[in-house]
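No hydrogens, no waters, no symmetry mates; every other heavy atom, side chains included, goes into these values. Owing to the predicted nature of the structure, the values given are computational and were not obtained by experimental measurement.
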Amino acid sequence: AQPAIPAHMARGFIPFSIEVGADYPGFAQEMARLLAEGADELEASAFATGSGSDAPTGIITALDANTNAEVSVTTAGSLGVVDVRAIWSALPNRARANATWVMSEDLNDDISAFGSTYGADSTVDLTGEVTTLKSRPVVISSYFPDSTSATTAANWLAVGDFSKFYIVDRVGMSIELVPHLFADATGSRPTGQRGWFAYKRVGSDSVDDTAFRLLTNT
């Protein structure tokens, strides 16, 4: 089937006084840097947990909607070596060669704690930050959930072939100067402010959920 991935518009706006614009050397360049940084953070969040309705569809959102891609932990509220093995075993062989693990720093710390028991028997040192699992790279995302001892439903980590997770960028980011701001839309006099308006259109979604597995706390 032909996948359809809508591009949603992200917006950023920085108002500033005429005086600041005149007196702050390099102001425009600094604001452009901040807007670009904000766009990167907004995208990173959306690519993880975006709803898909007014934002890109995040990988967690996409997989959470497909029960065939979910693997539950053995004991709710507890991450164990058995769970890492289970989610890897559930991942289809065709997706393993190009697979990447994505998790929060907190989950990574939990896995590194396995090193005190299993480190001597592992081909990868688990006593520090875990950078590979099953010979595949581990990526840390601050937008993935932390671990919890609660038994409530949560999505902890994902592994799979991320070439099956598409990101569509419609036009890149544009920044335009709004030369005068008004107090309202009724024709009031200018407020003495200008504004930098940034926007971009971007979308994302999984085009093959079966190439991933999502570890859930249920």
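Ring geometry for Trp196 versus Phe16: interplanar angle under 30°, hence parallel rather than tilted (30 to 60°). Ring planes of Phe212 and Phe162: perpendicular class, angle over 60° (limits at 30 and 60°).
Residues Met103 and Ile140 are in side-chain contact: their nearest non-hydrogen atoms beyond the backbone lie under 4.5 Å apart. Taking the side chain as every heavy atom from C-beta outward, Asp54 and Ser51 approach each other to under 4.5 Å. Phe47 places a side-chain heavy atom less than 4.5 Å from the side chain of Val202. Side-chain atoms of Thr148 and Trp156, non-hydrogen and from C-beta on, do get closer than 4.5 Å to each other. Using a 4.5 Å cut-off on side-chain heavy atoms (C-beta onward), Gln193 and Phe182 make no contact. Tyr199 places a side-chain heavy atom less than 4.5 Å from the side chain of Glu176. The side-chain heavy atoms of Ser204 and Ile167, taken from C-beta on, include a pair separated by under 4.5 Å. Looking only at side-chain heavy atoms (C-beta outward), Ser206 and Thr57 stay at 4.5 Å or farther from each other.
The minimum heavy-atom distance linking Ser163 with Tyr166 is given by the pair O-CE1, 3.3 Å. Heavy-atom minimum distance, Ala69 versus Leu63: CB-CD2, 4.1 Å. Scanning both residues, Trp101 and Leu133, for their nearest heavy atoms gives NE1-O, 3.0 Å. The two residues Val73 and Ser78 have their closest heavy-atom pair at CB-O, 3.9 Å. The two residues Ala198 and Leu35 make their nearest non-hydrogen contact at CB-CD1, 3.9 Å. Minimum interatomic distance between Ala39 and Met173 (heavy atoms only, all atoms of both residues): CB-SD, 3.9 Å.
Heavy atoms from other residues, nucleotides or ligands lying under 6.0 Å from CZ of Arg170 number 12 at most.
Neither side chain, Thr216 nor Asn155, offers a donor N or O lying under 3.5 Å from an acceptor on the other. Neither side chain, Asp64 nor Thr61, offers a donor N or O lying under 3.5 Å from an acceptor on the other.
Between the side chain of Ser17 and the backbone N or O of Val20 there is at least one donor-acceptor pair closer than 3.5 Å. Although no hydrogens or angles enter the test, the distance criterion places a donor-acceptor pair under 3.5 Å between the side chain of Asn217 and the main chain of Gly77. Checking side-chain atoms of Arg194 against main-chain N and O of Val178 turns up no donor-acceptor pair under 3.5 Å. Under a 3.5 Å cut-off, the side chain of Ser104 and the backbone N or O of Leu107 do form a donor-acceptor pair. Remark: the backbone N or O of Lys200 is not paired with any side-chain donor or acceptor of Arg11 at under 3.5 angstrom. No donor-acceptor distance shorter than 3.5 angstrom exists from the side chain of Thr151 to the backbone of Ala76, with no hydrogens or angles considered. In terms of modelled atom types and a separation under 3.5 Å, the side chain of Asp40 and the main chain of Glu37 share no donor-acceptor contact. Under a 3.5 Å cut-off, the side chain of Arg96 and the backbone N or O of Leu91 do form a donor-acceptor pair.
Rounding to the nearest 0.5 Å gives a distance of 5.5 Å between CG of Asp205 and CD1 of Ile5. With rounding to the nearest 0.5 Å, the separation of OG in Ser53 from NE2 in His8 is 7.0 Å. One finds the CG atom of Leu157 at 9.0 Å from the CD1 atom of Ile60 (value rounded to the nearest 0.5 Å). To the nearest 0.5 Å, atom CD of residue Glu41 and atom OG of residue Ser142 are 6.5 Å apart. Summarising the geometry, atom CG belonging to Leu215 is positioned 8.0 Å from atom OG belonging to Ser72; distances are rounded to the nearest 0.5 Å.
Using a 4.5 Å cut-off between side-chain heavy atoms of Ile, Leu, Val, Met, Phe, Trp and Tyr, with links allowed through other members, Ile14 and Ile175 fall into the same hydrophobic cluster. Cluster membership check: Ile59 does not share its hydrophobic cluster with Ile87, using side-chain heavy-atom separations under 4.5 Å among Ile, Leu, Val, Met, Phe, Trp and Tyr. Neither Val71 nor Phe144 shares a network with the other; the hydrophobic side chains, linked directly or stepwise wherever heavy atoms of I, L, V, M, F, W or Y lie under 4.5 Å apart, form separate groups for each. At a threshold of 4.5 Å between side-chain heavy atoms, the hydrophobic network of Ile, Leu, Val, Met, Phe, Trp and Tyr places Tyr24 and Leu177 in one connected group. Taking hydrophobic clusters as Ile, Leu, Val, Met, Phe, Trp and Tyr residues chained together by side-chain heavy-atom distances below 4.5 Å, Phe165 does not share a cluster with Tyr143.
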TODO: Starting from the C-alpha separation in whole Å, work towards a yes-or-no answer on side-chain contact (heavy atoms from CB on, under 4.5 Å) for Arg136 and Trp88.
DONE: CA-CA 11 Å; Arg136 299 308 306 157; Trp88 181 255; 3.6 Å; yes

Task: Test side-chain contact (heavy atoms from CB on, under 4.5 Å) applied to Leu79 and Ile111, step by step - done: CA-CA 8 Å; Leu79 177 67; Ile111 293 174; 3.9 Å; yes

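Partner of Asp161 under the side chain to side chain donor-acceptor pair (under 3.5 Å) criterion, out of Asn98, Thr100, Thr210: Asn98 alone.
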